[in-house]
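In what follows, every heavy atom counts, from backbone to side chain, and hydrogens, waters and symmetry copies are set aside.
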Amino acid sequence: MLPCVNTEEDSTAAVVTLPVSVRDLLPQDLPACTWSGSDTHLRQVERELARAAAGEVDYLAVCTPADLPVAKGGIDYQASEGAGTLWQLAVMPALQSCGLGTLLVRAAEQRIRDRGLRRAELAVEEDNPRARALYERLGYAAYGREPDAWDEEGPDGSIRRHETMCILMRKSL
């Protein structure tokens with residue numbers, strides 16, 4: 001269930017609870033995932049879905065009762081021998097801190113275990129302490145750092161290279 005609470009002293013405040021489910025992300029879901037990134041990002045996700053069809057990765061979606069993705073993320077089984085590597089984890093900004101990230105990570109860990117693997121790994125940007133705190137709460141421990149980079153699309157359609165330093169984290173399953 002996805003609980004969201006508005007705690008303002010407003011007569012229009014309400015508590016809403018919705019069931020959510022986790023399933024494979026599908027190509028037809030991509031138009032509903034614009035909250036997760038630019039057209040460039042979604043084209044990359046589309047390429048990863050082709051890898052999912054080949055069994056190299058799993059790509060998951062947390063969906064509302066209307067079957068709309070509100071969180072997504074991948075598991076790469078080729079990035080690190082003997083482990084599933086979580087990547088491209090994202091939760092719709094308006095629904096962050098409602099437990100969807102936890103649900104997504106736990107579902108990814110189960111997929112890793114289902115493949116007979118006993119370790120999950122991920123990288124989190126150093127300047128994202130909120131995500132790092134989530135991963136630590138879920139049992140991930142830092143074991144190193146490494147630079148990473150990817151193309152980002154600006155509002156005007158221009159492409160720039162985003163370079164960052166990531167903390168490498170892992171968890172035994």
Salt bridge (Lys or Arg N to Asp or Glu O under 4.0 Å) assessment of E48 paired with R51: CA-CA 5 Å; E48 295 303 333; R51 291 183 64 212; 2.9 Å; yes

Hey, does I159 have a side-chain heavy atom less than 4.5 Å from the side chain of E152? no

Do L89 and I167 share a hydrophobic cluster (ILVMFWY, side-chain heavy atoms under 4.5 Å, transitive)? yes

Trace of the side chain to side chain contact (heavy atoms under 4.5 Å, CB included) decision for C33 with L25: CA-CA 10 Å; C33 292; L25 186 73; 4.1 Å; yes

Honestly curious: do L103 and V70 fall in one hydrophobic cluster under the side-chain, below-4.5 Å linking rule? yes

Are M169 and L117 connected, step by step, through hydrophobic side chains (Ile, Leu, Val, Met, Phe, Trp, Tyr) whose heavy atoms are closer than 4.5 Å? yes

Answer yes or no: does atom CD of Q28 have more than 12 heavy-atom neighbours from other residues, nucleotides or ligands under 6.0 Å? yes

Which atom of L100 lies closest to which atom of A71, heavy atoms considered: CB-CB, 4.3 Å

With the side chain counted from C-beta on, respond yes when R130 and S97 share a heavy-atom pair under 4.5 Å apart, and no when they do not. yes

Show your working on side chain to side chain contact (heavy atoms under 4.5 Å, CB included) between L95 and W35 and close with a plain yes or no. CA-CA 11 Å; L95 297 175; W35 54 265; over 6 Å; no

Taking all non-hydrogen atoms of both residues into account, name the closest pair between V22 and A107 and its distance. CG1-CB, 3.7 Å

In this structure, would V62 and L134 fall into the same cluster of hydrophobic residues linked by side-chain contacts under 4.5 Å? yes

Rounded to the nearest 0.5 Å, what's the gap from CZ on R106 to CG on L138? Could you check? 5.5 Å

For the side chain of E153 and the backbone of T40, is there at least one donor-acceptor N/O pair under 3.5 Å apart? yes

R132 side, atom CZ; L122 side, atom CG - distance, nearest 0.5 Å: 11.0 Å

Of the options V20, L26, D29, which is the one that meets P69 in a side chain to side chain contact (heavy atoms under 4.5 Å, CB included)? D29

Would you indicate whether the side-chain heavy atoms of Y140 and V105 approach each other to under 4.5 Å? yes

Beyond-backbone contact of R43 with H41, side-chain heavy atoms, under 4.5 angstrom: no

Are side-chain heavy atoms of I112 and Y77 found at a separation under 4.5 Å? yes

Could you grab the distance from atom CD1 of I75 to atom OH of Y59, nearest 0.5 Å is fine? 10.5 Å

Side chains of R23 and C63, heavy atoms from C-beta outward: is any pair under 4.5 Å? yes

Does the pair K72/D24 count as a salt bridge with the N-to-O cut at 4.0 Å? no

Quick one: pull up CD in Q110 and CG in D58 and give me the separation to the nearest 0.5 Å. 11.5 Å

Quick one, R170 with S80, criterion side-chain hydrogen bond (donor to acceptor under 3.5 Å, both in side chains). Give me CA distance, side-chain angles, the key distance, then yes/no. CA-CA 11 Å; R170 67 169 59 120; S80 180; over 6 Å; no

Straight-line distance of R145 CZ to L168 CG, nearest 0.5 Å: 9.5 Å

State, with a plain yes or no, whether a side-chain heavy atom of N128 is found less than 4.5 Å away from one of Y135. no

Give a yes or no answer on whether the side chain of R113 reaches the backbone of A108 with a donor-acceptor pair at less than 3.5 Å. no

Run the side chain to side chain contact (heavy atoms under 4.5 Å, CB included) test on L86 and L104 for me, step by step, so that the C-alpha distance in whole Å, both residues' side-chain angles and the decisive distance to 0.1 Å come before the verdict. CA-CA 10 Å; L86 284 63; L104 179 61; over 6 Å; no

Any side-chain heavy atom of R119 sitting closer than 4.5 Å to one from L173? no

The residue among E136, E121, E109 that forms side-chain hydrogen bond (donor to acceptor under 3.5 Å, both in side chains) with K171 is E109

Show your reasoning for whether side chain to side chain contact (heavy atoms under 4.5 Å, CB included) applies to C166 and V124. CA-CA 5 Å; C166 289; V124 60; over 6 Å; no

So, does E163 use its side chain to make a donor-acceptor pair with the main chain of D148 at under 3.5 Å? no

Thinking salt bridges, do R160 and D151 make one under a 4.0 Å N-O criterion? no

From S36 atom OG to L42 atom CG, the distance as rounded to the nearest 0.5 Å: 5.0 Å

